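Chain naming here is simple, since letters A, B, ... match the order of the sequence lines and numbering starts at 1 in each. As the structure is a prediction and not an experimental result, all values here were calculated from the model.
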Amino acid sequence: MTSASKSHLVITALTAVVLEFVLLQPRPACGQQLVSSAHVNPDPIVESVFDTLAFIRWTTQNPGGTILHFAVVHYGNDPKHLDLTAESPTRINPAHSDMIFRVRIDNLLPGTTYYYKVSSRQANGAVDSAPNAVSRFTTTATNPMSAKQ
Amino acid sequence: MLEAKALAAANSGKLDPYHQVQTLGELEIFDPNLSVNSNIACSYCHDPMAGYANGVSILSVFTGGSNPGSVPITVSGAYPNNRIAKRNPQSYTYATYYPPLHYNQSQADFYGGNFWDGRASGYRLQNSSAHQAQGPPLDTQEMANPDSACVVWKLSQSAYKSFFETVWGADSLEIAWPSNVATICSTPAGAASLGGNTTPVQLSTSDRTLSNKDFDEFAQAIASYEGSDSVSPFTSKFDYYLAGSATLTTQEQNGYDLFRGKGSCNTCHLDGRSSTLLGGSDTGQAASLQPLFTDTTYNNLGLPKNVRLPWYSEDTPDQWGFTANPLGFGFTDLGMGLFLDGYYGAPPDLSWGVLEPKFDGKFQTSTARNAAQVPYAGFVKAYMHNGYLTSLKEVVHFYNTRDVYPYNVLSGHCPEGTIEKVTCWPMPEDPNNENLTIGKLGLSPEEEDDIVAFLGTLVDGYKP
């Protein structure tokens, strides 16, 4: 096995061991529509998590609107107070029926559980419909092989 | 070679007006006399054999593709020993097809312009590539003329002076030059002796107006050449494929399918496909038969700082008393954010200034056309604004795995057990506004290779 693949396995293993993904609120909030499609998975997943960094990903139908969108994650240590926000620019491909949103969350505390929910908006501020469930993940303990930002 | 051929054509008297302008631009681009020390031409950093990008392999390896400019640094022990630009020179193939920089209100995004950071907005001439052509001749790190009038004076001394006047009008270059013009025009831009004066050549008001007009026309001729069949001909294999006279190989076709599918490359590198929401995969036919493979927008891809850029060491005064980068390694290249924040002076539209936080770290999406063009097998080509990536395989692998192997280190400090650019991507130079359309595409190594193969079909000069 190459050192490259070993490193990848380390990251994957850490993610698998530590990651907790629990759907706490399966139904959309009043006034918001859950995006549904046979070929999309609207539930956000933790793509990867490190000691101080996490990537959240979810897929919806192509929301249209501006090409430039912002994927948004509201997060915090208390599921009732998601006071922190991370957002990442993402461009939609008009020719694709689906849209993958991803957010990079930096400056997390190692070994800490965070709760989050996701949304997205167009570059002009218009909000897309999006899944609204609160989920959670736990960062890894400090590890020299993991990334932090 | 090319300039001799162009000069012969110019002197033949047989060119129609259309080709006269283009030929004039070609003569200008290959003329080293237009630099302060008469030692570098535009083409030295924009090599035709490398897709009009950096054409010196060893520079791709050691300086991020950034080329030495016209001014040597003679201070004892100085590194670098030449003024060098802060970025990898951007190819100018198809640059004339980029519209003037504008903020699209409905998209809430910038489109067009030239230069990695968009500062060649083209606002005055409504021609961003002409605006770009006016940059390097006056850039302290490049051709370093202290005054645009110096470029015009050198044109008036050139072998193609009469041809310039054939194109732009009789007596266009008849200006009453001061007796010290040669002395002033051999003083590099930024020299302390100039006292910050950017128009040190003393001209009458009417001559200054004429000189400014000449400088505009000098640039417009270059833009014309950049848009010519010599530079932007739409003759790649992919163009013939769209025309129905070439067939992609299986690997190229796989790469193309990935380019507009799983790889999401054509989200920004527009390939001209239809944009109808079909549901499922895109089966539409090409809506444009000469796609530019760029949407001309700006993105922060999260590239690591390229510590090999000599720019970071240009933090002490040269023999002219000029310090290019007082911040040294502390300099953060914010790309368009620098432009909007006034690094080069106030942006032409003052309302753009407030947009700066949203555009920090963003650089222009270059056309993918001719990205694969190299002068010879084994040539190392620098990619991206800072030349951090040195092969198309690395480029595609970066897009594919940036967020799979993110490490909080500078380049050169990846942890033991990892391989930089393979299983370790150092932290972004500027994490703000990082584009997450890419970063974890889930491509296999073979699929990466397929995309690279497809990019090879975008090199001009294909013979069907």
Side-chain angles (χ1 to χ4, degrees), chain A residues 2-12 15 37-39 47-48 50-57 61-71 86-104 106-107 121-126 143-149, chain B residues 104-110 260-262 264-268 270-271 273-284 287 295 297 299-300 302 358 362 365 401 403-409 414-419 422-428 431-441:
Chain A
T2 66
S3 60
S5 56
K6 284 180 182 175
S7 172
H8 180 64
L9 286 177
V10 168
I11 292 172
T12 305
T15 303
S37 170
H39 51 273
E47 178 182 287
S48 54
F50 305 92
D51 51 355
T52 62
L53 167 67
F55 291 93
I56 308 296
R57 171 196 288 251
Q61 289 181 313
N62 192 322
T66 62
I67 298 297
L68 180 62
H69 273 61
F70 290 87
E87 62 178 42
S88 298
T90 309
R91 289 186 182 273
I92 67 169
N93 189 323
H96 292 175
S97 56
D98 303 341
M99 171 72 187
I100 297 172
F101 287 101
R102 300 174 67 240
V103 175
R104 173 183 172 127
D106 291 307
N107 301 317
R121 61 177 172 82
Q122 299 181 39
N124 59 17
N143 186 316
M145 290 297 288
S146 65
K148 54 188 176 182
Q149 182 60 49
Chain B
N104 183 316
Q105 294 289 343
S106 61
Q107 289 293 326
D109 208 358
F110 277 105
R260 62 197 174 107
K262 187 175 175 182
S264 294
C265 312
N266 75 340
T267 301
C268 298
L270 303 181
D271 63 343
R273 302 297 297 191
S274 69
S275 55
T276 304
L277 290 172
L278 298 172
S281 61
D282 171 26
T283 57
D295 61 0
T297 61
N299 290 280
N300 180 4
K358 292 182 178 178
K362 292 189 176 184
T365 303
T401 65
D403 298 338
V404 180
Y405 308 117
Y407 285 89
N408 185 34
V409 296
C414 280
E416 188 177 347
T418 67
I419 304 171
V422 179
T423 54
C424 170
W425 294 109
M427 60 185 176
N432 295 309
N433 303 309
E434 187 180 67
N435 187 314
L436 264 73
T437 312
I438 59 148
K440 190 174 183 180
L441 300 177

Closest-packed option against chain A by number of heavy-atom pairs under 4.5 Å, given B:Thr267, B:Thr297, B:Ile438: B:Thr267
Heavy-atom proximity to chain A below 4.5 Å, by part of [X]:
| X | result |
| --- | --- |
| B:Asn435 | both |
| B:Asn432 | neither |
| B:Cys268 | side chain |

From [X] atom [atom1] to [Y] atom [atom2], the distance as rounded to the nearest 0.5 Å:
| X | Y | atom1 | atom2 | answer |
| --- | --- | --- | --- | --- |
| B:Asn408 | A:Thr52 | CG | OG1 | 6.5 Å |
| A:His96 | B:Asn266 | NE2 | CG | 5.0 Å |
| B:Ser106 | A:Ile67 | OG | CD1 | 10.0 Å |
| A:Arg91 | B:Asn299 | CZ | CG | 4.0 Å |

Side-chain heavy-atom pair B:Leu436, A:Glu47 within 4.5 angstrom cut-off: no
How close do [X] and [Y] get, counting heavy atoms only, and between which atoms?
| X | Y | answer |
| --- | --- | --- |
| B:Lys440 | A:Arg57 | O-NH2, 2.9 Å |
| A:Phe50 | B:Val404 | CZ-O, 4.4 Å |
| B:Pro428 | A:Arg104 | CD-NH2, 4.2 Å |
| B:Ala108 | A:Leu68 | O-CD2, 4.3 Å |

